[in-house]
Number of protein chains: 2
Amino acid sequence: MENYEKNAIYRLHAEFCQTLSDANRLLIISELSKGEASVNELINHLGLRQSNVSKHLALMRERGLVSTRRGGACIYYSLADKRIFEAIRILMDVHRDLIEKRHSLSNDIHVFSADKR
Amino acid sequence: MENYEKNAIYRLHAEFCQTLSDANRLLIISELSKGEASVNELINHLGLRQSNVSKHLALMRERGLVSTRRGGACIYYSLADKRIFEAIRILMDVHRDLIEKRHSLSNDIHVFSADKR
DNA sequence: TGTACATATGAACATATAGTAATATAAAAG
DNA sequence: CTTTTATATTACTATATGTTCATATGTACA
């Protein structure tokens with residue numbers, strides 16, 4: 001019953017996370033968190049190919065993360081919601097702590113190889 | 001300058017998001033947020049195959065999201081940090097709002113064709 | 001020891017994904 | 001109208017990913 005619904009919700013959210021699971025898309029989002037930018041501006045700031053940036057933007061627009069505005073010949077992209085970047089930062093904080101915890105304990109993978117014989 | 005470093009950070013974080021970008025992994029994390037569980041318990045709660053659950057758990061352990069404890073014949077998995085699930089919930093909230101915004105406005109793709117006078 | 005149970009791992013497959021070059025569209029400038 | 005600039009799209013390739021079955025490992029216990 002609600003298990004089915006839960007599955008559907010998590011499938012949706014997994015897609016959302018998948019949208020965030022590319023370094024170039026994160027860099028684009030980070031740029032857009034400073035304010036709207038045209039494709040060209042993004043290309044110059046990030047050093048990526050035009051078709052590459054366009055594709056990432058198209059995906060993110062399709063999934064509602066960014067919105068567009070035409071201004072003359074350019075198309076300006078912006079974050080659909082500032083909280084997108086804020087949420088990413090929160091996630092990054094948690095992730096950083098995980099990594100630190102791992103490194104300080106380091107009884108993580110090493111336990112394994114040390115035990116091997 | 002620190003552009004190189006920024007890239008590295010976002011590449012790392014992209015991998016972290018990628019770990020969250022699978023519905024079954026999210027379901028597992030959701031289960032573990034209630035407390036530790038053995039592989040078998042997860043299988044029964046989620047209705048997934050044993051090898052499938054094991055593989056997802058192995059990936060998440062490798063990436064520091066979950067930790068393990070052996071108890072008799074079972075291996076108990078738990079979240080390495082409760083905040084993992086909290087951060088996911090925050091992300092889900094933002095995502096839900098995005099979807100709602102999209103549905104209510106629905107001037108989403110249409111802006112394009114409407115704007116071109 | 002041998003058997004049952006819990007979990008991990010490997011091989012194989014199908015599908016998804018990111019990147020790129022080439023081309024198409026669309027607006028602005030001349 | 002033609003050219004130029006900005007962006008989108010397509011076709012293609014290489015690689016990554018999730019799932020499954022079969023098998024291996026490891027632990028408990030008769």
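The sequence lines fix the lettering, A, B, ..., with proteins before strands; numbering per chain opens at 1. Just so it is clear, the values below take in all heavy atoms, side chains as well, and ignore hydrogens, waters and symmetry mates.
Scored by the side chain to side chain donor-acceptor pair (under 3.5 Å) test, B:R96 finds B:D93 as partners (sequence neighbours excluded). When the side chain to side chain donor-acceptor pair (under 3.5 Å) test is applied to B:T19, the partners found at least two apart in sequence or on another chain are B:R63.
Spacing between atom CG of A:L57 and atom C1' of D:dA8 amounts to 11 Å, rounded to whole angstrom units. Taking atom CG on B:L59 and atom P on D:dA16, their separation rounds to 14 Å, with Å as the unit. A straight line from CD of A:E62 to C1' of D:dA8 spans 13 Å, rounded to a whole angstrom.
Not one N or O on the side chain of A:E15 forms a donor-acceptor pair closer than 3.5 Å with the backbone of A:L12. Although no hydrogens or angles enter the test, the distance criterion places no donor-acceptor pair under 3.5 Å between the side chain of A:N52 and the main chain of A:L48. Using a distance-only test at 3.5 Å, with no hydrogens or angles considered, no donor-acceptor pair links the side chain of B:K101 to the main chain of A:D81. Under the 3.5 Å distance criterion, the side-chain polar atoms of A:S104 are matched with a main-chain donor or acceptor of A:E100.
Grouped with A:Y76 in a hydrophobic cluster is no other residue, since no side-chain heavy-atom contact under 4.5 Å to another Ile, Leu, Val, Met, Phe, Trp or Tyr is found.
Residue B:K55 places a side-chain atom within donor-acceptor reach of the base of D:dT20, judged by atom type and a 3.5 Å distance cut-off alone.
Remark: A:Q50, A:S51 in residues 41-51 of chain A come within less than 4.0 Å of DNA chain D through at least one heavy atom. Within residues 67-77 of chain B, the residues approached by DNA chain C to less than 4.0 Å at the level of any non-hydrogen atom are B:A73, B:C74, B:I75, B:Y77, in residue-number order. DNA chain D is contacted by B:Q18, B:D22, B:N24, B:R25 of residues 11-40 of chain B, taking any non-hydrogen atom closer than 4.0 Å.
Ring orientation note: the planes of B:H95 and A:H13 are tilted relative to one another, at an angle of 30° to 60°.
Considering only heavy atoms from C-beta on, A:L20 stays 4.5 Å or farther from B:L20 through its side chain. Within the 4.5 Å cutoff, side-chain heavy atoms of B:M60 are placed close to those of B:I29. Counting heavy atoms from C-beta on, the side chains of B:R11 and B:N7 come closer than 4.5 Å.
OP1 or OP2 of D:dT17 has not a single side-chain nitrogen or oxygen of B:H56 nearer than 4.0 Å.
Distances were taken from every side-chain heavy atom of A:S54 (C-beta onward) to each of C:dT20, D:dA8, C:dT9; the shortest belongs to D:dA8.
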